[in-house]
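Okay, structure first, notes after.
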Amino acid sequence: MNQIIEKHPEPLFARENILLLNGEWDLSFNGRKAQKIRVPYCIESELSGVGYKGFIRRCKYSRTFVLPEQMRGKRVFLCFGAVSNSARVRVNGKEAGSHEGAYTPFRMDVTDLLKEGENLVEVSVRNSLFEGNPTGKQSPKKNSFGCFYTRCTGIWQSVWLEGVPQSYLTAVRFYPSAKQGNVRVQVCASACEQFEAEVRYGNEIVGTYSTILNHTASFTLPLAEKHLWEVGQGRLYEVKLRFGQDVVYSYFGLRDAEYEGLKFLLNGQPVFQRLVLDQGYYPKGVYTPEREEDFAEDIQRATALGFNGARLHQKLFDPRYLYECDRQGFLVWGEYASWGVDYFGLDKFARFVAEWREAVERDFNHPCIVTWCPLNETWGDLADASKQRDVRFVDGIYALTKALDPTRPCVDVSGGMHGAKTDIADYHCYDGYDVLKDKLDKASRGEMDFLNMYLAGEGNEYAGEPQNLSEFGGVTYGGARIGQTQCVEETTAWGYDTVSDEETFVGNYAKSVLLILGYENLSGFCYTQLYDVEQEQNGLYTYDRGAKFSEEGMRRIREANLTKAASEK
């Protein structure tokens, strides 16, 4: 793969002329004296050099930079991968822009704010966890508890400067067709210039196109060679886009992902989605790993156990992680941090729409993403009879997702409550084998017996959609105690169930997986979870990614996962 793509924070839209601003910044928060922090690690993390675990309402970052020679005379953008959760940016004391949302990227043109010599950038952050905003698994209490973990405040993805010509590309979308052996391309730009596109596979040019591009264009490129993106085989086409003096590098995978009847098809062939839940947490970095290699290694840990993909749970993952999924042919459900949102009215609908739109647009071109999953378990506060859920929230998010991306399936809510329309009837079940079997037997007959599966409303019921068991398992093995250094409430490990020995765990796992794989109506499952996170110690690996089981135990788990499913026969 092109080295510029390999190293860029946004591998799907990479330019050569960048300056990373990661590293040491000055930080002040909670009235404390200014101190140093290591960006892009959040304030709560050990790797940041701060490691403050208490509540942080507001904080302020600052640092200086000197504009590189190669950016002089260019338009200069200041780019942020993610800042949690509201950011206001000033450059040399002047307002540069602001952004709302803890998980999505933003950039601002700072050309006219720059000066010779040192330039000062300041980022003021407001972290509003308790105002109905998307927060995912961040703990609303002082400490971690249950399935809620350490909070993430401030900058947690890369910051960089990007120099572009006066006329430049602003966006590209790829619509590959494995069936047709071509790719439709949509590009947007800031002006009118000569445009050229070149597609390579390996060292061979397999498609070219040129035109005068006036702000936007759409064209279809036949591909001289057909290399399918498949499970375990992330065959990627490299793309070079030239617009006047601007050059952008990107890539795509040639694959079709769709449902036919109850079966999930990848490139026209039935594939059972053997997914594992990935929370995207790291012991020293919270949301951000110590090494970029950690992304690839987590994927390899999952595939070593026979999983072919992951459900990326309750956060928007770093684009570099998704790049590794693309490279390795690893299936992904793209989710958002919907916990924390108030579903009882439409007051927070616009905020969620704004963030989810940015998420879909950021990740649209990743071939690994085969399903959108904007919401998870919209059933909070069920005991409060004074709160009436508004089904329009769920229905509206589904409609928006399909408008943004009609090419992928969308499950409106994982695990309930579904609204009037979903592409997948999706449910969770953490019950033991006998109860799980009874509920799956009923589901195979179209009888849904899962907790709070549908919101009340006309037409909100099972309508014959393909089914997916997107959470099960969650078993703690061994009843391990929580280390005293953890900032958690519990003193013992948390999980949905507990077993004390490997033979019982592995035997139950294999029995349950073989049961699930036997149902023709099921298109996939997702096991909870890949690794422990703080006190939630129900992973197949420890939090520091150590093996929990013997080689024989791991082999049996892998063997069960790789058994051919009824839907694949």
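Since the structure is predicted, the reported quantities are computational estimates derived from the model, not experimental observations.
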Exercise. Is any NZ, NE, NH1 or NH2 atom of the basic residue among K402 and D423 found under 4.0 Å from an Asp or Glu carboxylate oxygen of the other?
Worked result: yes
Exercise. Hey, are D434 and K437 close enough for a salt bridge, meaning a charged N less than 4.0 Å from a carboxylate O?
Worked result: no
Exercise. Quick one: does M453's side chain get under 4.5 Å of M417's, heavy atoms only?
Worked result: no
Exercise. Sequence neighbours excluded, which residues qualify as side chain to side chain donor-acceptor pair (under 3.5 Å) partners of R558?
Worked result: none
Problem set entry | Cationic N near anionic O, under 4.0 Å, R545 to E297 | no
Problem set entry | Residue pairs passing the side chain to side chain donor-acceptor pair (under 3.5 Å) test where at least one lies in residues 261-272, sequence neighbours excluded | none
Problem set entry | Validation row, ring centre W339 to ring centre F148 under 6.0 Å | yes
Problem set entry | Salt-bridge criterion met for R556 and E559 (N-O under 4.0 Å) | no
Problem set entry | D441 with R445: basic N within carboxylate O range, under 4.0 Å | no
Exercise. What orientation do Y103 and Y287 show, parallel under 30°, tilted 30 to 60°, or perpendicular over 60°?
Worked result: tilted
Problem set entry | Heavy atoms from other residues, nucleotides or ligands near CD of E260 exceed 12 (cutoff 6.0 Å) | no
Exercise. If we ignore angles and hydrogens, is there a donor and acceptor under 3.5 Å between the side chains of Y149 and E536?
Worked result: yes
Exercise. Got a salt bridge between R255 and E230, using NZ or NE/NH1/NH2 to carboxylate O under 4.0 Å?
Worked result: no
Problem set entry | Min side-chain heavy-atom separation K137-Q279 under 4.5 Å | yes
Exercise. Taking the side chain from N521 and the backbone from L262, do they hold a donor-acceptor pair closer than 3.5 Å?
Worked result: no
For this session: On the 0 to 90° scale, with breaks at 30° and 60°, tag the Y237-H227 ring pair as parallel, tilted or perpendicular.
Result: tilted
Exercise. So, F295 versus F317, ring centres under 6.0 angstrom or not?
Worked result: no
Exercise. Can you list the residues that meet the salt bridge (charged side-chain N to carboxylate O under 4.0 Å, His left out) rule with E46, with sequence neighbours excluded?
Worked result: none
Problem set entry | Beyond-backbone contact of F330 with N308, side-chain heavy atoms, under 4.5 angstrom | no
Exercise. Would the F364 and F174 ring centres measure less than 6.0 Å apart?
Worked result: no
Exercise. Going by the angle between their ring planes, with limits at 30° and 60°, are Y427 and F450 parallel, tilted or perpendicular?
Worked result: parallel
Exercise. Does the gap between the ring centers of F352 and Y336 come in under 6.0 Å?
Worked result: yes
Exercise. Are E361 and R357 within salt-bridge range, i.e. N to O under 4.0 Å?
Worked result: yes
